[in-house]
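Some notes on the structure that comes next.
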Amino acid sequence: MGKYIIAGNWKMNKTPAEAKELIEAIAPLVKDATCDVIVGVPFVDLPVALEATRGTNIGVAAQNCHWEKSGAFTGEISADMLQAMGVGYVILGHSERRTYFGDTDVTVAKRTRAALDAGLTVILCVGEYLEQREQGITSEVVDMQVKVALGGVSREELSRIIIAYEPVWAIGTGRTATDLQANEVCAHIRGTLASLYDDEAAKAVTIQYGGSMNAGNAESLLAQPDVDGGLIGGASLKPADFATIVAAAK
Ligand code: PGA
């Protein structure tokens with residue numbers, strides 16, 4: 001299966017000075033990690049994050065990007081700008097972007113295209129709302145999100161796609177999916193990738209679980225065969241907890 005990757009999603013938290021402090025606290029705790037470690041920081045923290053992670057095993061992600069290279073898009077940041085700074089990763093399609101800022105499967109696909117064209121690696125977030133799970137349409141929802149986002153993505157480019165399965169009802173709620181629920185959907189996504197590409201390509205993709213993953217539940221979630229990592233919100237702001245999750249990813 002895909003290589004283990006633990007990524008922190010800091011959301012709208014930490015000033016640049018605080019970001020530097022947090023990375024300096026995390027770095028020594030994760031230096032011997034056997035998985036890849038990423039911090040997803042606010043745009044304004046990117047310079048300090050790149051500086052503070054230099055010479056460490058921590059990668060830096062932005063939390064969104066626009067699909068155009070430049071132009072009259074007040075307030076937006078392009079994938080090319082991120083690439084030019086030295087940012088390696090971008091989180092796209094997070095449920096908070098979809099729910100509060102109008103992102104759709106189509107705009108997520110456009111952002112994904114731009115990010116890949118700029119040379120970035122994408123953490124593509126998918127996941128169902130509680131009502132959708134209760135209606136029994138989780139697989140359909142997640143398939144649609146994955147298929148639209150990957151519409152124009154080649155088999156070769158798939159190596160720069162990480163998928164984060166994040167049931168919306170589990171994000172920031174303390175209500176984690178069970179190990180089996182998380183694995184079931186991650187395995188389903190892998191099957192969808194196999195149908196879009198092939199088995200070998202699907203196996204190589206890192207599929208993370210996200211949604212109230214923490215120091216206490218990470219080990220058993222990450223032990224599931226199709227869960228290759230985590231996208232961590234709240235717990236990524238606590239160095240010891242984040243390090244415990246990183247240590248559990250092996
Ligand atoms: P959470 O957030 O770990 O705080 O639930 C996860 C995410 O939104 O990526």
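One-based numbering, in listed order, for ligands and for the atoms of each.
Residues T107 and D103 have side chains that bring a donor and an acceptor to within less than 3.5 angstrom of each other.
Separation of atoms CG (L124) and CZ (R111) is listed at 12.0 Å; rounding is to 0.5 Å. Atom CG of residue L116 and atom CD of residue E156 lie 11.0 Å apart, to the nearest 0.5 angstrom.
Between T173 and ligand 1, no pair of N/O atoms sits closer than 3.5 Å. An N or O contact shorter than 3.5 Å is missing between G210 and ligand 1 by distance.
Between R155 and D198 there is a salt bridge, since at least one side-chain N of the basic residue sits less than 4.0 Å from a carboxylate O of the acidic one. A salt bridge links D80 with K69; the closest basic N to acidic carboxylate O contact falls under 4.0 Å. Salt-bridge check for K203 with E200: failed, with every basic side-chain N at 4.0 Å or more from each acidic carboxylate O. The pair R113-D117 meets the salt-bridge criterion, with a side-chain N (NZ, NE, NH1 or NH2) lying under 4.0 Å from an Asp/Glu carboxylate O.
Of all protein heavy atoms, the one closest to atom 4 (O) of ligand 1 is G234 N, 2.9 Å. Closest protein heavy atom to atom 3 (O) of ligand 1: G233 N, 2.9 Å. Closest protein heavy atom to atom 7 (C) of ligand 1: E166 OE2, 3.1 Å.
Counting the atoms of ligand 1 from 1 in the order shown, those under 4.0 Å from a heavy atom of G211 are 5 (O). Of all atoms in ligand 1, listed by their number and element, those nearer than 4.0 Å to a heavy atom of A170 are 5 (O). Ligand-side atoms of ligand 1 in range of G172: 1 (P), 4 (O), 5 (O), range being under 4.0 angstrom from any heavy atom. Within the listing of ligand 1, atoms 7 (C), 8 (O), 9 (O) sit less than 4.0 angstrom from a heavy atom of H94.
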Item to complete: Evaluate side chain to side chain donor-acceptor pair (under 3.5 Å) for Q63 paired with W10, printing each intermediate quantity in order.
Response: CA-CA 9 Å; Q63 298 175 9; W10 291 10; over 6 Å; no
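If you look at I171 next to ligand 1, the close heavy atoms, those under 4.0 Å, come from the backbone and the side chain alike. Neither the backbone nor the side chain of A235 comes within 4.0 Å of ligand 1, counting heavy atoms alone.
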